[in-house]
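What follows is a set of notes on a single structure, which appears directly below.
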Amino acid sequence: MRIFNSIHSLRGAIKILKSRKKRIGFVPTMGALHRGHGSLFLRSRRENDITVVSIFVNPKQFGLREDFDAYPRPEKSDILLAKKEMVDIIFYPSENEMYRTGFLTSVQVDTISQILCGKSRPGHFRGVTTVVNKLLNIVAPDVLYLGQKDTQQAVLIKRMIADLNIPVTVRICPIVRERDGLALSSRNCYLSARQRLEAPILYRALQNAKQKALEGEHRSLHLGRFIRSTIARQSSGKIDYIACVDADTLAPLRRLRGKIMIALAVKFGKTRLIDNIVFSL
Ligand code: PAF
């Protein structure tokens with residue numbers, strides 16, 4: 001496995017690989033790698049000749065009162081995990097390498113970046129699309145792998161890629177969960193023992209709501225109320241949002257139909273967890 005810190009040297013290596021007609025899969029991450037990331041690496045390895053992983057805690061996607069400074073940066077164990085997963089290249093740039101003095105540009109996907117998570121995290125998705133755009137320009141992969149857990153991020157990045165004609169295929173990979181249903185996230189390590197016990201209620205509530213929908217309850221309002229009361233009764237979680245939307249466009253649905261996503265964000269203390277479930281009617 002090779003580790004690059006500079007854009008220039010990574011580009012040199014990519015150029016050689018491309019001249020050898022190697023197909024490149026790319027997984028962007030902020031590190032604190034876990035089995036969820038591992039599933040993306042595995043898929044990329046299966047489908048490509050070379051897997052490139054970036055590790056960069058992107059300051060531009062954190063709000064003023066968010067956890068940028070506290071965000072876990074376990075460099076050694078990340079590199080060990082990437083090695084174990086047989087990643088070929090790690091791109092590990094510094095903040096200065098990514099955002100040189102005088103950096104002024106941002107990439108924003110309008111409207112759908114301002115709903116759901118975008119409402120309580122203003123500017124977050126602009127930071128995400130800006131850095132992913134830069135990373136795609138640097139790595140120039142054939143295929144980009146993203147996780148379904150960050151579903152709004154995935155929809156926005158797909159929109160950006162289509163709108164800006166970026167020549168890359170996007171693959172969205174399923175959520176990886178703990179045995180009790182909690183979706184894997186680098187932020188789960190912030191949960192106290194009690195919050196960790198309570199947190200699986202998010203997925204149970206989503207599953208039960210899906211079941212209700214399959215049995216005929218198609219009113220979003222009622223499903224939302226059902227999820228809200230389940231979470232409130234069984235945990236200390238404070239709900240940020242619960243939304244029933246079209247899974248491809250994120251358009252809100254008053255009545256469920258087609259390919260549906262029920263998505264939510266809930267705060268346990270200072271830790272904000274997101275989860276979602278996708279199904280068709
Ligand atoms: O999902 C993440 O870890 C980040 O938002 C991403 C896509 C690596 C951009 O910083």
Side-chain angles (χ1 to χ4, degrees), residues 4 7 10 25-41 43-44 51-63 66-75 77-78 81-82 85 87 89-99 103 105-109 112-113 116-118 120-139 141 143-161 164 166 168-176 183-190 263 265 271-276:
F4 293 90
I7 296 173
L10 175 66
F26 174 48
V27 186
T29 82
M30 296 208 299
L33 302 178
H34 50 65
R35 282 189 293 116
H37 296 111
S39 72
L40 305 182
F41 304 162
R43 174 104 184 253
S44 170
T51 291
V52 180
V53 169
S54 64
I55 299 182
F56 178 60
V57 184
N58 173 33
K60 292 202 183 292
Q61 66 188 77
F62 288 79
E66 291 186 356
D67 56 343
F68 175 68
D69 289 329
Y71 198 83
R73 293 167 171 83
E75 189 176 332
S77 60
D78 277 354
L81 190 137
E85 298 286 347
V87 166
I89 292 179
I90 289 199
F91 177 45
Y92 211 132
S94 65
E95 194 174 326
N96 185 47
E97 181 68 3
M98 288 298 276
Y99 300 119
F103 187 94
T105 306
S106 63
V107 179
Q108 157 129 324
V109 177
I112 52 172
S113 62
L116 308 176
C117 290
S120 50
R121 301 188 71 189
H124 166 67
F125 287 118
R126 191 176 47 229
V128 171
T129 38
T130 300
V131 80
V132 172
N133 198 291
K134 270 179 79 72
L135 290 166
L136 290 173
N137 284 330
I138 295 164
V139 180
V143 191
L144 170 68
Y145 294 85
L146 298 168
Q148 168 68 26
K149 187 177 81 68
D150 295 303
T151 181
Q152 187 174 7
Q153 163 172 292
V155 171
L156 281 161
I157 291 174
K158 274 166 77 175
R159 187 72 261 159
M160 171 187 79
I161 285 170
L164 300 183
I166 303 174
V168 66
T169 303
V170 183
R171 299 243 197 281
I172 311 295
C173 305
I175 299 177
V176 179
L184 293 193
S185 159
S186 305
R187 288 192 167 95
N188 289 352
C189 66
Y190 297 151
T271 310
R272 188 171 175 282
L273 300 182
I274 56 174
D275 203 347
N276 65 79

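When a ligand or atom number is given, it counts from 1 through the structure's own listing order. Numbers here are sequence positions counted from 1. FYI, side chains are in, hydrogens and waters are out, and symmetry mates aren't considered; it's all heavy atoms of this structure.
Across L135, V52, L136, T51, a single residue satisfies side chain to side chain contact (heavy atoms under 4.5 Å, CB included) together with P141, and that is L136.
Of the heavy atoms in T29, only backbone atoms (N, CA, C, O) come closer than 4.0 Å to ligand 1.
With F68 as the aromatic partner, R73 meets the cation-pi criteria of under 6.0 angstrom to the ring centre and within 45 degrees of the ring axis.
Taking every heavy atom of P28 and a limit of under 4.0 angstrom, the matching atoms of ligand 1 come to 8 (C). Annotation for ligand 1: atoms under 4.0 Å from non-hydrogen atoms of V131 are 9 (C), 10 (O).
Closest heavy-atom approach to atom 9 (C) of ligand 1 among the candidates M30, Q153, Q61: Q61.
Between F103 and Y99, the two ring planes are perpendicular [angle over 60°; tilted spans 30° to 60°].
Atom CG of residue L146 and atom CD1 of residue I157 lie 5.0 Å apart, to the nearest 0.5 angstrom.
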